[in-house]
Amino acid sequence: MIHRYFPHTPEDIEEMLAACGVDSLEALYADVPEQLLLNRDYDLPEEMSEKEVRDFFNSLAKGNKALTCFAGFGYYDHYTPAVIPSILSRSEFLTAYTPYQPEISQGTLQYIFEYQSMMASLTGLDVSNASMYDGATATAEAMMMTIAATRKRNRVLVSATLLPQVLDVVKTYAKYHGIALDIIPECDGATSIADLKSMLAGDVAGVIVATPNKYGILEDFNGVAEMVHANKSLLAMNCNASALGAIKTPGEWGADIAAGDAQSLGMPLNFGGPYLGFLCCKKALMRKLPGRIVGATVDEAGQRSFVLTLQAREQHIRREKATSNICSNQGLMSLFVSVYLSLMGPQGLKEVNDMSCKGAHYLADRLTATGKARLKFANQPFLNEFTLTTDFNTATLMDRCAAEGILPGVIIDDHTIAIAVTEMRTKKEMDRLAEIVTNL
């Protein structure tokens, strides 16, 4: 067996094998059944020149068909300012990893600190972390925080109006951490407050709701935080990050924890990722917060500097007692969001949401005016996403639209579709979608 790129000499390998008590590298795999071993050379293509490699991947890329996107359901087609990829492509950012050594990582530490500061401001809460993979896992971590913070309580209530992919991940985390998970029923597309009230009991560690929810509805949570806190439970909210620039924040609702995906802050959809989960909380819960937390301080010369701080020793030593064992660092995506938010500012985010909201309501009116579709929840407010009940088969709509380069939304079932509008969509594009529906 020849390993051309191993840095070890034959003598190094012999010494390591002797320490393991075997006489060959193959012997390390002795417990693997013979039928699972690949007893031939890898089936790899011949080597290519640089141009041939570029041509090959360009030909693959041409197989991707970019569609005019009206799909949402947690992931949105927002504009990416050109300056962001330019900054991210700089080598000091592109190759940076977890900044354990502050003396050589000040740039990385600073942008994580700025990211945390802006996310705390956006959610209306005190503290933000970094390093969450996506909105679903961030929400599952929020659930685990409620268990860790309330002790001896092992039940969490989750609204049925969470996005299904988020709810599935939360259920998986709960199953393998022994957490009892109960679903709060929905009523007219929103969390049933009456059911929530009846389900709250002394053993409930936390309650998780969504804003906007899976239907795009902006739910009314007046009095919910007081109700939850009266039971000495914690309230967590799954949020659309971009929408928080225009709607009532988790902090304003009285929530203890906010979680969700930051993809809507200018990160391109890119055929499925990468994403960035955010997790923010009140100061009292900061020691239960997993992931990275960067703090600001001063060095010996009195200059402002940044360090990783408040790292619970359980994350590194007593791992079985850790809230989470997240160890990787989504630093590049945190930088992406930091640049986006610094460029947009509060006013820019409001303008993005204003354009998206006006477009969504215009399109909803156009589609319902065809007489072939209706708002599933006509009396509920929405921002930039809505759910339609249709007379036609949604798969038929999908096929007709795809043929014209349009992705009309996310199919929920044969006669239900979720449609989202962002600042990227033009009136002409929306009118074309309405025309296709008219002619079905």
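Just so it is clear, the structure is predicted and the values come from calculations on it, not from any experiment. In what follows, every heavy atom counts, from backbone to side chain, and hydrogens, waters and symmetry copies are set aside. FYI, the numbering just counts along the sequence from 1.
- For the side-chain hydrogen bond (donor to acceptor under 3.5 Å, both in side chains) condition, the pairs that include at least one residue of residues 259-270, sequence neighbours left out, are N240-S264.
- For the residue pair S192 and I184, the shortest heavy atom distance occurs at O-CG2, 3.7 Å.
- Under 4.0 Å is where a charged nitrogen must lie from a carboxylate oxygen, and between K350 and D354 no such pair does.
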Residues T137, D134; criterion side chain to side chain donor-acceptor pair (under 3.5 Å); working and verdict: CA-CA 6 Å; T137 52; D134 59 18; 2.6 Å; yes
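- Residue E226 places its CD atom among more than 12 non-hydrogen atoms of other residues, nucleotides or ligands, all under 6.0 Å distant.
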I'd like a table of donor-acceptor pairs (distance under 3.5 Å, sequence neighbours excluded) in which one partner is a side-chain atom from residues 400-408, with atom names and distances.
| residue | atom | partner | partner atom | Å |
| --- | --- | --- | --- | --- |
| E404 | OE1 | R432 | NE | 2.8 |
| E404 | OE1 | R432 | NH2 | 2.6 |
| E404 | OE2 | R432 | NH2 | 2.4 |

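- The distance from atom CD1 of I147 to atom CE of M145, rounded to the nearest 0.5 Å, is 12.0 Å.
- In this structure Y275 satisfies the ring-ring contact (aromatic ring centres under 6.0 Å, His included) test together with Y75, sequence neighbours excluded.
- The line from CG of N439 to CZ of F392 is 11.5 Å long, rounded to the nearest 0.5 Å.
- Of the possible polar contacts, one joining the T249 side chain to the E252 backbone as a donor-acceptor pair under 3.5 Å is found.
- Between L125 and A255, the shortest heavy-atom distance links the atoms CD2-O, 3.4 Å.
- Of all heavy-atom pairs between C239 and M237, the closest is SG-O, 3.6 Å.
- The minimum heavy-atom distance between A136 and Q165, with the atom names listed, is CB-O, 4.2 Å.
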Side chain to side chain donor-acceptor pair (under 3.5 Å) between E385 and Y76, intermediate numbers included: CA-CA 10 Å; E385 190 167 16; Y76 302 90; 2.5 Å; yes
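- With sequence neighbours excluded, the residues forming a side-chain hydrogen bond (donor to acceptor under 3.5 Å, both in side chains) with R153 are S233, listed by chain and number.
- Interatomic distance, E219 CD to N213 CG, rounded to the nearest 0.5 Å: 4.5 Å.
- P185 has its side chain within reach of M199: a pair of non-hydrogen atoms, C-beta onward, lies under 4.5 Å apart.
- In terms of heavy atoms, D413 sits closest to I411 at O-CG2, 3.3 Å.
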Please output the side-chain donor-acceptor pairs of residues 360-367 that fall under 3.5 Å, not counting sequence neighbours, one pair per line with the distance.
| residue | atom | partner | partner atom | Å |
| --- | --- | --- | --- | --- |
| H361 | ND1 | C357 | O | 2.9 |
| Y362 | OH | D431 | OD1 | 2.5 |
| R366 | NH1 | D431 | OD1 | 2.6 |

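- Counting all heavy atoms, side chain and backbone alike, M398 lies closest to G409 at CE-O, 3.6 Å.
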Residue pair L265, M119: steps toward the side chain to side chain contact (heavy atoms under 4.5 Å, CB included) verdict: CA-CA 11 Å; L265 298 176; M119 291 308 299; 4.1 Å; yes
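- A salt bridge is defined here as a Lys NZ or Arg NE, NH1 or NH2 lying under 4.0 Å from an Asp or Glu carboxylate O, and D256 with K282 meets this definition.
- You'll find the side chain of I193 reaches within 4.5 Å of the side chain of V224, heavy atoms only.
- Interatomic distance, T80 OG1 to L343 CG, rounded to the nearest 0.5 Å: 11.0 Å.
- The neighbour count for M355 CE, taken as heavy atoms of other residues, nucleotides or ligands under 6.0 Å away, does not exceed 12.
- Between R374 and the choices D391, T389, T368, the side chain to side chain donor-acceptor pair (under 3.5 Å) rule is met once, by D391.
- Annotation: K51, atom NZ; neighbour count of heavy atoms from other residues, nucleotides and ligands within 6.0 Å does not exceed 12.
- For F271, the CZ atom sits in a packed shell: over 12 heavy atoms of surrounding residues, nucleotides or ligands are nearer than 6.0 Å.
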Verdict with supporting geometry, V294 and Y111, side chain to side chain contact (heavy atoms under 4.5 Å, CB included): CA-CA 9 Å; V294 174; Y111 75 65; over 6 Å; no
S356/N353 under side chain to side chain donor-acceptor pair (under 3.5 Å): CA gap, chis, key distance, verdict: CA-CA 5 Å; S356 301; N353 280 281; 5.6 Å; no
Trace of the side chain to side chain contact (heavy atoms under 4.5 Å, CB included) decision for I84 with Y340: CA-CA 7 Å; I84 299 179; Y340 179 85; 3.7 Å; yes
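- Here the CG atom belonging to L341 is positioned 9.0 Å from the OG atom belonging to S121, to the nearest 0.5 angstrom.
- The 12-atom threshold is not exceeded at CD of E50, counting heavy atoms of other residues, nucleotides or ligands nearer than 6.0 Å.
- Residues passing the side-chain hydrogen bond (donor to acceptor under 3.5 Å, both in side chains) test with Q110: none are found, sequence neighbours excluded.
- In this view, T370 satisfies the side-chain hydrogen bond (donor to acceptor under 3.5 Å, both in side chains) rule with no residue, not counting sequence neighbours.
- Shown here are the ring-ring contact (aromatic ring centres under 6.0 Å, His included) partners of F336, two or more places apart in sequence or in another chain: there are none.
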Name every donor-acceptor pair, under 3.5 Å, that has one atom in a side chain of residues 377-384 and the other anywhere in the protein, sequence neighbours excluded.
| residue | atom | partner | partner atom | Å |
| --- | --- | --- | --- | --- |
| Q380 | NE2 | D188 | O | 2.8 |
| N384 | ND2 | V421 | O | 3.2 |

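- In this structure E300 satisfies the side-chain hydrogen bond (donor to acceptor under 3.5 Å, both in side chains) test with no other residue, sequence neighbours excluded.
- Between R425 and D77 a salt bridge is recorded (basic side-chain N to carboxylate O distance below 4.0 Å).
- Residue L157 holds its CG atom at 6.0 Å from CG of D182, rounded to the nearest 0.5 Å.
- For A138, the side-chain contact (heavy atoms from CB on, under 4.5 Å) partners at least two apart in sequence or on another chain are M132, A259.
- Listed by first and then second residue, the salt bridge (charged side-chain N to carboxylate O under 4.0 Å, His left out) pairs involving residues 198-216 are R155-D203, E186-K214 (not counting sequence neighbours).
- A donor-acceptor pair under 3.5 Å is formed between the side chain of N154 and the backbone N or O of G178.
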